[in-house]
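Let me begin by presenting the structure, written as structure tokens, before commenting on it.
Chain naming here is simple, since letters A, B, ... match the order of the sequence lines and numbering starts at 1 in each.
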Amino acid sequence: MKMVTAIIEPAKLDKVREALIRAEITRLTVSRVSGHGRQASDPQLYRGMVVVPDLNPKVRLDIACNDEFVEPCIDAICEAAREEDNSLGDGKIFVTHLEEVIRIRTHERGGKAI
Amino acid sequence: MKMVTAIIEPAKLDKVREALIRAEITRLTVSRVSGHGRQASDPQLYRGMVVVPDLNPKVRLDIACNDEFVEPCIDAICEAAREEDNSLGDGKIFVTHLEEVIRIRTHERGGKAI
Amino acid sequence: MKMVTAIIEPAKLDKVREALIRAEITRLTVSRVSGHGRQASDPQLYRGMVVVPDLNPKVRLDIACNDEFVEPCIDAICEAAREEDNSLGDGKIFVTHLEEVIRIRTHERGGKAI
Amino acid sequence: MGVRAPRLAGAALFAALVSLSPLASAQGDMPTTDTGTTAWMLVSTALVLLMVPGLAMFYGGLVRTKNVLGTMMHSFGAMAVMGVLWVVCGYAMAFGPNALGGWTGWNPDFVMLLGIDDSIMPTHVPEYVFAMFQGKFAIITPAILAGAFAERVRFRGYLVLIALWGILVYNPLCHWVWAEGGFLFDKGAIDFAGGTVVHISAGTSGLVCALYLGARRGYPKIAMHPSNLVMTLIGAGLLWVGWFGFNAGSAVSSGLDTARALAVTQAAAAAGALAWIVIEALHHGKATSLGIVSGILAGLVAITPAAGVVQIPGAMILGVAAAIFCYGAILLKNRLGYDDSLDAFGIHGVGGIVGAILLTFFLRPSWVAGQDASWSLGHQLLVQAEGVLVSVGYAGVVTLVLVVLVDRTIGLRVSEPEEMAGLDHSLHGEHGYGLLNPN
Amino acid sequence: MGVRAPRLAGAALFAALVSLSPLASAQGDMPTTDTGTTAWMLVSTALVLLMVPGLAMFYGGLVRTKNVLGTMMHSFGAMAVMGVLWVVCGYAMAFGPNALGGWTGWNPDFVMLLGIDDSIMPTHVPEYVFAMFQGKFAIITPAILAGAFAERVRFRGYLVLIALWGILVYNPLCHWVWAEGGFLFDKGAIDFAGGTVVHISAGTSGLVCALYLGARRGYPKIAMHPSNLVMTLIGAGLLWVGWFGFNAGSAVSSGLDTARALAVTQAAAAAGALAWIVIEALHHGKATSLGIVSGILAGLVAITPAAGVVQIPGAMILGVAAAIFCYGAILLKNRLGYDDSLDAFGIHGVGGIVGAILLTFFLRPSWVAGQDASWSLGHQLLVQAEGVLVSVGYAGVVTLVLVVLVDRTIGLRVSEPEEMAGLDHSLHGEHGYGLLNPN
Amino acid sequence: MGVRAPRLAGAALFAALVSLSPLASAQGDMPTTDTGTTAWMLVSTALVLLMVPGLAMFYGGLVRTKNVLGTMMHSFGAMAVMGVLWVVCGYAMAFGPNALGGWTGWNPDFVMLLGIDDSIMPTHVPEYVFAMFQGKFAIITPAILAGAFAERVRFRGYLVLIALWGILVYNPLCHWVWAEGGFLFDKGAIDFAGGTVVHISAGTSGLVCALYLGARRGYPKIAMHPSNLVMTLIGAGLLWVGWFGFNAGSAVSSGLDTARALAVTQAAAAAGALAWIVIEALHHGKATSLGIVSGILAGLVAITPAAGVVQIPGAMILGVAAAIFCYGAILLKNRLGYDDSLDAFGIHGVGGIVGAILLTFFLRPSWVAGQDASWSLGHQLLVQAEGVLVSVGYAGVVTLVLVVLVDRTIGLRVSEPEEMAGLDHSLHGEHGYGLLNPN
Ligand SMILES: Nc1ncnc2c1ncn2[C@@H]1O[C@H](COP(=O)(O)OP(=O)(O)O)[C@@H](O)[C@H]1O
Ligand SMILES: Nc1ncnc2c1ncn2[C@@H]1O[C@H](COP(=O)(O)OP(=O)(O)O)[C@@H](O)[C@H]1O
Ligand SMILES: Nc1ncnc2c1ncn2[C@@H]1O[C@H](COP(=O)(O)OP(=O)(O)O)[C@@H](O)[C@H]1O
């Protein structure tokens, strides 16, 4: 089992969720984060000045999935989270190994608890 | 050392913390997340309509612990976070391997830094 | 590749970021969390009473880096996040193994995607 | 005529008009100023203005986080655009003598309000105050309307739409109902403080826009949570306070009529709130905070046309009835599946209609006694219904033309990527709650 | 009697009562309306209503995130329930002539306010305005009380409790203190704008409820952070503004008395704020924002009974004294360990007592000069103490009966799982801050 | 003299002064109270007070999350400190007869306002109300100033600074411009509601402080996001509402002058808002919410000195001009790189200067007609410029002395660790938004 963690643009959340659902991945955990990557875009306006923030608002998705779902999951995210204009700031995906998953309600463990 | 990450109902936070303290686990990190699992419960009311949100508010606990504490920790969480009525949405626990832990103040590393 | 996760005092965020930049580590993800450690400091005032909160506001940094950057990264954080007076509550660093990193924009993978 | 006129402002004003040219204004036959009435009208103006940030909060709390600024900008944009337009031409159209066969009013002296620089009205109030008080209604009305299409329109198109809407819908309606010579005014339609002019017209126009523009992306499949119900509650509180200016100010006096309007406003709001949470408790077993404020609003809307002519029991019944009908209308909307985002029609349209019609059954006995012999309840009911229909029909049709026009030319509906990203980011380059991100 | 009466409203009203039946109301001996006084009373009514959302913000910001809506609903629920009850029977009980041996007042003509439809009071204000102004006090009082048991009561039980409390505690107290024939009124107790009726009664009743219901789960072991001090500050700002209506409106005039009340209100609030942060700086080395607003409130509460009879220096001393006593009372509470969640007693109860007693020492020389020969400071002090004791005793005892009754029948205290989950979720099915979750 | 005096308050007051000793106050030649005017002045006082929480919200929303309480405390602290100081000595200095060669006023009877306990002014308003109304200006002015050095000063030093500033800068300036005998008053400088006294002095002083204290750590390299633009918008809404009291209250009447002031205030605000978003749309293609509220403020500031003497078209032009100049000034600031955190100078200083100077070109014809033969536009322009220069020069120099003094003695600038940790945590031991952390 793997934990796929994606950091994406908040604006892309809906599209990514839809793509994941199409890939039959529905369970996930979402949180607000801020990030700094290579991107220097997402400029904001402040009283006539274009301000490039140091930390941009991002959304983090954590998706625990069985090994065979990892690649479909990555593909779905990449597909949906990419800007048309190939700009910086589209985000990143991290994959870590999951040793155990437990469903609290049933105490089920492992792949079937995902 | 393992990192135990639990996603639970916000309403259960107090109870889980108390159970963990009983299991002698006091250090942890908590954050607000939103999640989508199998659950279709936690309905909210909006002007006379029952609304089932797509992403439910959840609380995430991250607990770094030495290996012998992992099972007690999981048990404590499972015990406290479960609804009496065995409903969906009780949450999930993920366990990952921790390579290193450093206490910033003392530069201590490993198990004793937990 | 490793994921370095640091939990630090919010007040130290600026200083830690600056130290990381000096160590040539600029990419990271930041989020608000609350934590309970050994610390019993960060007292707050509430109508004449000193209140020691149960969960203190903390900031979490997630930094994915190639293996050779792990130690410099840890050092930079430790250096910058430590209070002068060696008090509790300075925070903790966790290191986990990262199996894969994907840059969404380019589909690049591995070390060069960090 | 005073007998028939539920609200004397128009008549009084007209008298002022004929007797006054800018040059004649310093003459001796000018009414004197009453400091007390003037004070209350100044305050009422401030209170109605308070409703604009109040509405911004009410609406802004109900939308999703990514659209909060965009939604509040609808109210603030109305302050800017209608604030300017009203002094430029709005007052001249609404309160000038009949022009274009009575479709609108027009008095060139009122342009930039230059002609009223010294004018005191027969109600003993400087005309400037009356003009400003009325101007606030012209601001709040399109701001209410905007709730129907929240979270999916371009700001630029919105500003053009409300500018046109103000000129072509609001000003004529206002003239018909409140100005001497206006045809509904002459018929004796009762609309004390703007049931038809403000609420029904805003609600209906909003509905038309919502239907034309279509639902928000994902509606109703994806649940759209209010981002800040706390702010919505506070906004409702400010609206209640401001409504005292809206209704009691519409008496253009500071005396018994004013006191009556204030008392019934208070009673209707409380009754509406209580009724709504009782309904919810019966329906779902839980009273909600959004419910209690929706009930407040429903009660306030329903009493608006009636504030001069009913007594406390009637006001409470109107408040309860409004809660019932609005609750039902929203349930129906959910069935029908169209997307009136913040229920501009469900609350303001329906509540306004309920008030305008039902008030007929609760007329104050002394008011009825003051009517001439030909008056009958049935006739009044017909007149009221006519007022409602005219308002619904006129506002609906003209709004449809305008919304199509604006959408086809400069564009009204946002693009799908913009909508997904949220108005705040894509239209305004800002975030409402920077506090959500560490900084 | 005017000599003794610190506040003429009651007397004036009584005169209105005797001379007026609904039928006689159109006669020539009716006082005329003064537009200026009426304007100010209309405004005061709006300002006191503004205190309700102000209080909702003040309290809502102090509770934990999961209870913010539930806490604000206490204020909004009071608007709904007391708003209705006041016109139904509250005004008749509070300002009718003595009934049941003086325990309450009663005038059947005041039911639904039908009997005052044309009534102008000798203060030249339509009685409707006075009734509405007073009605706002009946709303704010239980809303203040609710702070004592925030975060742990059921909404349904709360609504029933305050309805009973309004009828059995507030209305009689209000009658005793402010209505002609009320026994404290006749004794010459000074309570200009509600120190006993509003603040002491709310504070004491809150304390009784808090003691009976017990502490919140985890109190005081678990620290309970204010969820939104920013909102608390804004709420305090609105309370200060609204308090001008509360105090200066209680003059039921628009002249020198009003101006004096406003001036001392301002001075006491500023002095209280300054004193509180000085105390904090001495005690902890830091001034807090909660401290400054607590000081504002303490000062405002203390000046409330005294606003008609002290001058600026007295007002400032009252403000400072209130800050000292309230600060001490809260420290004491923390020692004793009972859970008056938002210090309804610590601020309103204590501040009200401080004001009601200490005002005796700062009476305006011209006021003292106007008393008859038998007047002495010592006697006034006794009368003031009696007012306080009666208010504490009566409110305390009746509230205890009511809270036991409501808790045993329909239930007042929430269950432990509900409390842990938070009122917003478990009682109202909502979340206050949707913005906390990505959507 | 009334001819020359744009604002009669001072003159009126002076008349009151000479005729009244505390002992003479009960005599027959006292002017009578006008309830209507008094009502409006009471309301204006409340409305200007409302601007204080409004400003706290406006500013608090613009700073970073960690400084929100600290920034709001600047406004609340001003309520406490200036609220006390004004009654102690401020009113005596500002509105007493010339003292120290006209540098200030002084009337020992005004200390604690004891000498005005019975005083009714020739404007038929109890002097207490006038004193309280003016006191609110003394509160809001340092609160505006504080925007220039937000996020980097110690609370203690700030309180001392504004106390000294109030005594040494505000009171004299207020005396010169508004009190009979003040040298700018006697020259005929037009400053209806405080362009020089409030906005220019606050803006300039703020600028001086900002330059002396230096930029915030990291400025301008690190972007500093507004933590809560939603709150900033609401604050701006309250400021607009409160400004009606600020400007229309400055007429110290309830009649035509008042109505005119209200109307031009409304028009200038709307025009300023519209102009700002048009400028933004041209410059960046996007209208922002911070832009629309900045435009509102710019328009309101610019109309402040002019509210008594221009008509609607002039008001709108002033609003537009203020938007242009302020926008430009802020761009310039960004070029120059100094850190006026919240643009106290960019909006209030620049807007105030624009209004004070440009009003000369839009004087109401009837006002011009009322001047004596020697009057010329050029001369008025010179007088206006002199008013601006005096205000800028005096406020600037004295503030510089004060800020150096306070910083060197008790300390004004926070330490670097404190600044990084945020004022809320390090100075006040609190967090503004507890809701951000699960609890
Ligand atoms: N090495 C990293 N460690 C942690 N977070 C990262 C890292 N690189 C990127 N991120 C996160 O991903 C977000 C998007 O990164 P982006 O700017 O798209 O990266 P890139 O420029 O490499 O494509 C960043 O804002 C940050 O939150
Ligand atoms: N596979 C997963 N990956 C990431 N998060 C998950 C996953 N499954 C569940 N969660 C998180 O746990 C929360 C509770 O899940 P729940 O609905 O109780 O799961 P189940 O229905 O499987 O018991 C979800 O809201 C989500 O935040
Ligand atoms: N074992 C742990 N698991 C998860 N988080 C931890 C753990 N230990 C510490 N933390 C996080 O680090 C923060 C700082 O810890 P701190 O009090 O400095 O630890 P210590 O007292 O061991 O130095 C805590 O508030 C918590 O968020």
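Of the residues considered (Asp117(D), Leu427(D), Leu69(D), Val129(D)), Asp117(D) shows the highest number of contacts with chain F, using heavy-atom pairs under 4.5 Å. Ranked by heavy-atom pairs shorter than 4.5 Å toward chain F, the options Thr37(D), Thr33(D), Leu42(D), Val84(D) are led by Leu42(D). Each of Val125(D), Leu436(D), Val43(D), Leu159(D) has some count of heavy-atom pairs under 4.5 Å with chain F, and the biggest count is that of Val43(D).
In this structure, the portions of Thr38(D) lying under 4.5 Å from any heavy atom of chain F include both its backbone and its side chain. At a 4.5 Å heavy-atom cutoff, the contact between Asn228(F) and chain D is made by backbone and side-chain atoms alike. Both the backbone and the side chain of Met112(D) come within contact range of chain F, with heavy atoms under 4.5 Å apart. Contacts of Ile296(F) with chain D are made by side-chain atoms alone, with heavy-atom separations under 4.5 Å and no backbone atom involved. No part of Val68(F) comes within reach of chain D, as not one of its non-hydrogen atoms sits under 4.5 angstrom from that chain. For Leu256(F), the parts sitting under 4.5 Å from any heavy atom of chain D are the backbone and the side chain alike. Heavy atoms closer than 4.5 Å to chain D are found in both the backbone and the side chain of Val230(F). In this structure, the portion of Val88(D) lying under 4.5 Å from any heavy atom of chain F is its side chain and not its backbone. Proximity to chain F is limited to the backbone of Ser426(D), based on heavy atoms less than 4.5 angstrom apart.
Pairing each heavy atom of Gly36(F) with each of Thr35(D), the nearest pair is CA-OG1, 3.3 Å. Of all non-hydrogen atoms in Trp40(F) and Ala39(D), the two that sit nearest each other are CB-CB, 3.8 Å. Of all the heavy atoms in Tyr128(D) and Ala259(F), the pair that sits closest is CB-CB, 3.7 Å. Closest of all the heavy-atom pairs between Ala273(F) and Ala80(D) is CB-CB, 3.8 Å. Closest non-hydrogen pair, Leu233(F) versus Phe76(D), comes out as O-CZ, 3.1 Å.
Contact of the Ile234(F) side chain with the Met72(D) side chain is registered, since non-hydrogen atoms from C-beta on lie closer than 4.5 Å. Annotation: side chain of Leu113(D) is not in contact with side chain of Gln311(F) (no heavy-atom distance under 4.5 Å). Under the 4.5 Å side-chain criterion, counting only non-hydrogen atoms from C-beta, Glu430(D) is in contact with Leu290(F). Taking the side chain as every heavy atom from C-beta outward, Ile277(F) and Phe155(D) approach each other to under 4.5 Å. Residues Trp240(F) and Met79(D) form a side-chain contact, since some pair of their non-hydrogen atoms from C-beta on lies under 4.5 Å apart. For the pair His431(D) and Leu229(F), the minimum side-chain heavy-atom distance is 4.5 Å or more. Counting only heavy atoms from C-beta outward, the side chains of Gln266(F) and Ile139(D) approach each other to under 4.5 Å. Using a 4.5 Å heavy-atom threshold, the side chains of Leu114(D) and Ile312(F) count as separate.
Distance alone, capped at 3.5 Å, is enough to place a donor-acceptor pair between the His428(D) side chain and the Ala287(F) backbone.
For Asp118(D) and Arg260(F), the salt-bridge test passes: some basic side-chain N is under 4.0 Å from an acidic carboxylate O.
A side-chain contact (heavy atoms from CB on, under 4.5 Å) with Val241(F) is found for one member of Leu50(D), Leu47(D), Leu238(D), Val52(D) and no other, namely Leu50(D).
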